[in-house]
Amino acid sequence: MSGTVRAIWAASPDSWSRTRNSSPLPRTATDGYIPAAAAASNMAIRFVTGNDGKAREARAYLDGIEAVEQVPYDYTEIQSDSLEEIAIQGAEEAHAELEGEDPILVGDTGLFVDALGGFPGPYSAYVEDTVGVERLWRLVEPEDNHRARFKTVLGFTDGERTETFEGTLAGTIVSPRGDDGFGYDPIFEFNGQTLAEMDIEEKNAISHRGRALATFSDWYADQ
Ligand SMILES: O=P(O)(O)OP(=O)(O)OP(=O)(O)OC[C@H]1O[C@@H](n2cnc3c(O)ncnc32)[C@H](O)[C@@H]1O
């Protein structure tokens, strides 16, 4: 499949990045949604991340659509307020630096808290590592407005063409609950449950990353 896809992409005049809106209803492998060419190929999408939780979710979502190989390459995270710019730069750097032909997927995520003016946003990883999730909750606790939003931007490149796909999830910051998931999942509530109280399929069905993966897999199936 990769040869065919690359030939089509290389011939396309529309060879630059664009962001697509997230699909409202993510499709899953259990929908029987497998691009015929992908099923016949031994290609893997290289998901570049050091975060095992992100890789687990991508694998669970794309299972049956395409093989996903986790590659823990630490690409440069440019100083930018734009998750799109970070994802594009990360995908293209990883493709240039890593050996191999298979396409690259990266995902950049931010948690945007209304009462904190969108903080930590693109700096979410740094804030998790330094301040921690529990203390972010304590920062939000005294505020009247606990609304927040996750946004994920996936960056995909095969070296010829780069595309971005976005997904968002609106919810509420709450006191930590739940043992599943990773990162800010214990303090992010959606529909009465924190993301850490959901199993991986439940989270993928509604989450920012699941929605971005849905848009990506819709697009990928058309290639
Ligand atoms: O850059 P890589 O190696 O992929 O790993 P990362 O953990 O830095 O990945 P992100 O930039 O996407 O994540 C930014 C922060 O947001 C957290 N995060 C990302 N997705 C999340 C999710 O679905 N639920 C909860 N927290 C999440 C994550 O733990 C980081 O602290």
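Both ligands and their constituent atoms are indexed starting at 1 by order of listing.
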Check: If you look only at pairs with a residue in residues 173-205, which of them pass as a ring pair (Phe, Tyr, Trp, His ring centres under 6.0 Å), with sequence neighbours excluded?
Finding: Phe150-Phe188

Check: Phe156 and ring-ring contact (aromatic ring centres under 6.0 Å, His included): which partner among Phe165, Phe216, Phe47?
Finding: Phe216

Notebook entry, point to check: Apart from Ile78 itself, which Ile, Leu, Val, Met, Phe, Trp or Tyr residues share its cluster (side-chain heavy atoms under 4.5 Å, direct or through members)?
Noted result: Ile86

Check: With clusters built from Ile, Leu, Val, Met, Phe, Trp and Tyr whose side-chain heavy atoms come within less than 4.5 Å, directly or transitively, what are the remaining members of the cluster of Ile104, listed by chain and number?
Finding: Val48, Val71, Tyr73, Tyr75, Leu98, Val106

Next item on the list: Write down, by chain and number, every protein residue that brings a non-hydrogen atom to less than 4.0 Å from an atom of ligand 1.
Entry: Thr49, Gly50, Asn51, Lys54, Glu77, Gly107, Asp108, Thr109, Ser124, Ala125, Glu128, Phe150, Phe182, Gly183, Tyr184, Asp185, Lys203, His208, Arg209

Notebook entry, point to check: If you measure from the Lys or Arg side-chain nitrogens to the Asp or Glu carboxylate oxygens, is any gap between Glu201 and Lys203 under 4.0 Å?
Noted result: no

Item checked: Interatomic distance, Lys151 atom NZ to Leu83 atom CG [nearest 0.5 angstrom] -> 5.5 Å

